[in-house]
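Computed from heavy atoms alone, side chains included, the values below leave out hydrogens, waters and symmetry copies.
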Amino acid sequence: MNMATDPAKISPLTELLQRQRASYLAAPNPDYAIRKERLLRLKAALLKFQQPLVEALSQDYGHRSVDDSLISDIMPVVNNINYGLKNLKKWLKPSRRHAGILLAPAQVKVHYQPLGVIGIIVPWNFPVMLSIGPLVTAIAAGNHAMLKLSEFTPATNSVIKQLLAEVFEESHVAVVEGEADVAAQFSALPFDHLLFTGSTTVGRHVMRAAANNLTPVTLELGGKSPVIIAPDMPLEIAVERMIYGKCLNAGQICVAPDYVLCPKAKVAEFIQAYQTKFQAMYGAITHNKDYGSIINARQFERLLTVLEDAKAKGAKVSSASNDVIDSQHRKLATQLITDTTEDMLLMQEEIFGPLLPVIGYDSLDEAISYVNHRARPLALYVMSFDEASQQKILKQTHSGGVCINETVFHVAADDAPFGGIGPSGMGHYHGKEGFLTFSHAKTVLSRGRFNTGKFVHPPYGTFIQRMLMKLFLR
């Protein structure tokens, strides 16, 4: 690691990383009992601070549903800890591998060793789940960690700092705050692994900075995740299965449905079904406690700009509710948008909010082609009860993950990997795959007293060597 040694030139972040690395090297491979105890204490602290976290999240957003915060930010982390506690002993056990005749009588095992210090860059949309969630996996794998929290969630950050300080010394788990310049410095640190969750654009900068240190990265990005409604699917059921994924956190989710591909003759019916269901769920959204606000004025204005750009270029917009756009509380019902064109901002970037293009298609092949000619998404949602249609879409498309007749809930599957593909990310975490991401799989070959390796030593051309050549080179 190329870290400065002159104290006068060491930045506070570099100094923090050095202290973390020194602390890690003092006990580089904590046993199962230590890791279990750390996870239990983290769970206890999370449960203790759940009410302050919910209140802080709502403060940062202007308004955020209590249930949205519990269901999407806190419960997944508790479940993640429980799952890790249940499986950690099994994950830690060295894996026996086959040595083969050539290496006999050697023994080969793969040991899973902590990497060291993990950097975690956290976005603003789920600041609890996307900070403590990866931390749980890093701790389970035996690592230390530094978390860079978003500057857009200061109230939540304050609670997270209190929570973690009750469980860990700063030399074990540290919290870093600051604007974009701090994030840039953070991503340039020589971590042993760096996990970034955020936009594809920023992800490119993070990967470029990490490359200077040959730091391996896991990038959890986003993109335009489509919903394909197959011709067989009743629209009321399709809407019922996908609307929660679009309305949770007001659509500010990396795996939220970004656009809908619907049979062309059913587009108007889909919009009507969506409006009916939305109004049944939320009614008037301005004073509805179940419907959240856009995080800040900057994001709210961005969404309005994207919406106005679409209108100016000929798109038709139908609001899911009878409410006018509430600029004071930054509340925006789903805006269903048709007659879109590729030159609209709406169709060029991830929406990350309650705007929903609805695009008609003539055949399922056309819908599949539409998805395949665009950047591979983080998630793809299939609405169909026809197994042939389901399999056709699964086999002919690429995406980070898929839900059939559901949206977003695959992220909560503890026993399955989560990750993107191409512009939507690289690498996996969650569950066992997360443990493996934050571990080094170290192959260990061992021999006893009998040394078969001497049979291949020079001078070459012995009888045993000739027999080995005949046996293996065929």
Side-chain angles (χ1 to χ4, degrees), residues 12-13 16-17 19-20 23-24 30 34-61 64-85 88 117-178 182-183 186 195-198 220 249 292 295 411-412 414 429-430 434 438:
L13 289 180
L16 180 57
L17 176 57
R19 283 192 280 118
Q20 285 234 330
S23 177
Y24 165 75
I34 292 174
R35 300 185 200 195
K36 177 182 176 181
E37 187 263 343
R38 288 169 177 168
L39 291 175
L40 286 171
R41 287 194 291 121
L42 181 56
K43 177 183 174 181
L46 183 61
L47 293 174
K48 174 183 174 180
F49 280 89
Q50 62 179 306
Q51 187 59 35
L53 283 170
V54 167
E55 293 172 357
L57 284 162
S58 192
Q59 180 181 336
D60 283 330
Y61 270 78
R64 200 184 199 226
S65 163
V66 171
D67 293 278
D68 275 6
S69 292
L70 290 172
I71 291 169
S72 61
D73 245 318
I74 297 175
M75 275 176 45
V77 184
V78 175
N79 288 339
N80 189 6
I81 295 174
N82 291 339
Y83 178 80
L85 289 168
L88 182 55
V117 182
I118 309 297
I120 301 171
I121 301 179
V122 184
W124 52 261
N125 60 324
F126 292 105
V128 180
M129 182 181 74
L130 296 176
S131 60
I132 301 181
L135 176 63
V136 168
T137 311
I139 295 300
N143 298 286
H144 291 218
M146 291 170 57
L147 283 65
K148 166 59 179 76
L149 302 182
S150 171
E151 64 270 30
F152 299 131
T153 55
T156 306
N157 296 355
S158 177
V159 180
I160 290 174
K161 288 170 67 176
Q162 295 175 56
L163 185 163
L164 293 177
E166 287 205 358
V167 183
F168 303 104
E169 297 291 334
E170 190 180 50
S171 59
H172 191 173
V173 176
V175 172
V176 174
E177 294 185 89
V182 176
F186 189 92
L195 170 68
F196 168 79
T197 304
E220 296 300 341
N249 205 33
I295 180 77
V411 178
D414 291 316
Y429 74 117
H430 292 194
F438 293 143

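Of the inter-residue distances, the one linking Glu37 atom CD with Leu42 atom CG reads 11.0 Å to the nearest 0.5 angstrom. Going from atom OG of Ser131 over to atom CD1 of Ile121 covers 13.0 Å, rounded to the nearest 0.5 Å. In this structure, Thr197 OG1 and Leu130 CG are separated by 5.0 Å, a value rounded to the nearest 0.5 Å. We find the CD1-OG distance between Ile71 and Ser65 to be 7.0 Å, quoted to the nearest 0.5 Å. Rounded to the nearest 0.5 Å, atoms CG (Leu53) and CD1 (Ile132) are 6.5 Å apart.
Arg64 approaches Ser58 most closely through the heavy-atom pair N-OG, 3.2 Å. Closest heavy-atom contact between Phe152 and Ile295: O-CD1, 4.1 Å. Taking both residues in full, the closest heavy atoms of Asp73 and Phe126 are given as OD1-C, 3.3 Å, listed atom of the first, atom of the second, then distance. For the pair Leu13 and Phe186, the tightest heavy-atom approach, listed with the atom from each and the gap, is CD1-N, 3.9 Å. Across every non-hydrogen atom of Ser150 and Pro123, the tightest pair is CB-C, 3.9 Å. Nearest heavy-atom pair, Asp414 versus Pro76, reported as atom, atom and distance to 0.1 Å: OD1-O, 4.5 Å.
When the shell of 6.0 Å around CD of Glu169 is examined, it contains 12 or fewer heavy atoms from other residues, nucleotides or ligands.
In this structure the side chain of Arg38 reaches within 4.5 angstrom of the side chain of Pro30, judged on heavy atoms. When side chains are defined from C-beta on, Ile160 does not count as touching Phe49, because their heavy atoms never get closer than 4.5 Å. The shortest side-chain heavy-atom distance between Val182 and Val176 falls under the 4.5 Å cut-off. The side-chain heavy atoms of Tyr61 and Asn249, taken from C-beta on, include a pair separated by under 4.5 Å. Using a 4.5 Å cut-off on side-chain heavy atoms (C-beta onward), Leu149 and Pro127 make no contact. Side-chain contact check for Ile118 versus Thr137: every heavy-atom pair is 4.5 Å or farther apart. Under the 4.5 Å side-chain criterion, counting only non-hydrogen atoms from C-beta, Phe438 is in contact with Leu195.
Relative orientation of the His144 and His172 rings is tilted, given thresholds of 30° and 60° on the angle between their planes.
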Task: side chain to side chain contact (heavy atoms under 4.5 Å, CB included) between Thr153 and Val122, intermediate numbers included - done: CA-CA 10 Å; Thr153 55; Val122 184; over 6 Å; no

TODO: Under the side-chain hydrogen bond (donor to acceptor under 3.5 Å, both in side chains) rule, what do Glu55 and Gln59 come out as? Steps first, then yes or no, please.
DONE: CA-CA 6 Å; Glu55 293 172 357; Gln59 180 181 336; over 6 Å; no

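Tested against Lys43, the residues Val167, Asn80, Val77, Asn82 include a single side-chain contact (heavy atoms from CB on, under 4.5 Å) partner, Asn82. Checked options Leu85, Leu46, Leu39; the residue passing with Val136 is Leu39 (criterion: side-chain contact (heavy atoms from CB on, under 4.5 Å)).
In this structure a side-chain-to-backbone donor-acceptor pair under 3.5 Å is present from Gln20 to Glu170. Between the side chain of Glu166 and the backbone N or O of Leu163, no donor-acceptor pair lies under 3.5 Å. Using a distance-only test at 3.5 Å, with no hydrogens or angles considered, no donor-acceptor pair links the side chain of Tyr24 to the main chain of Ala145.
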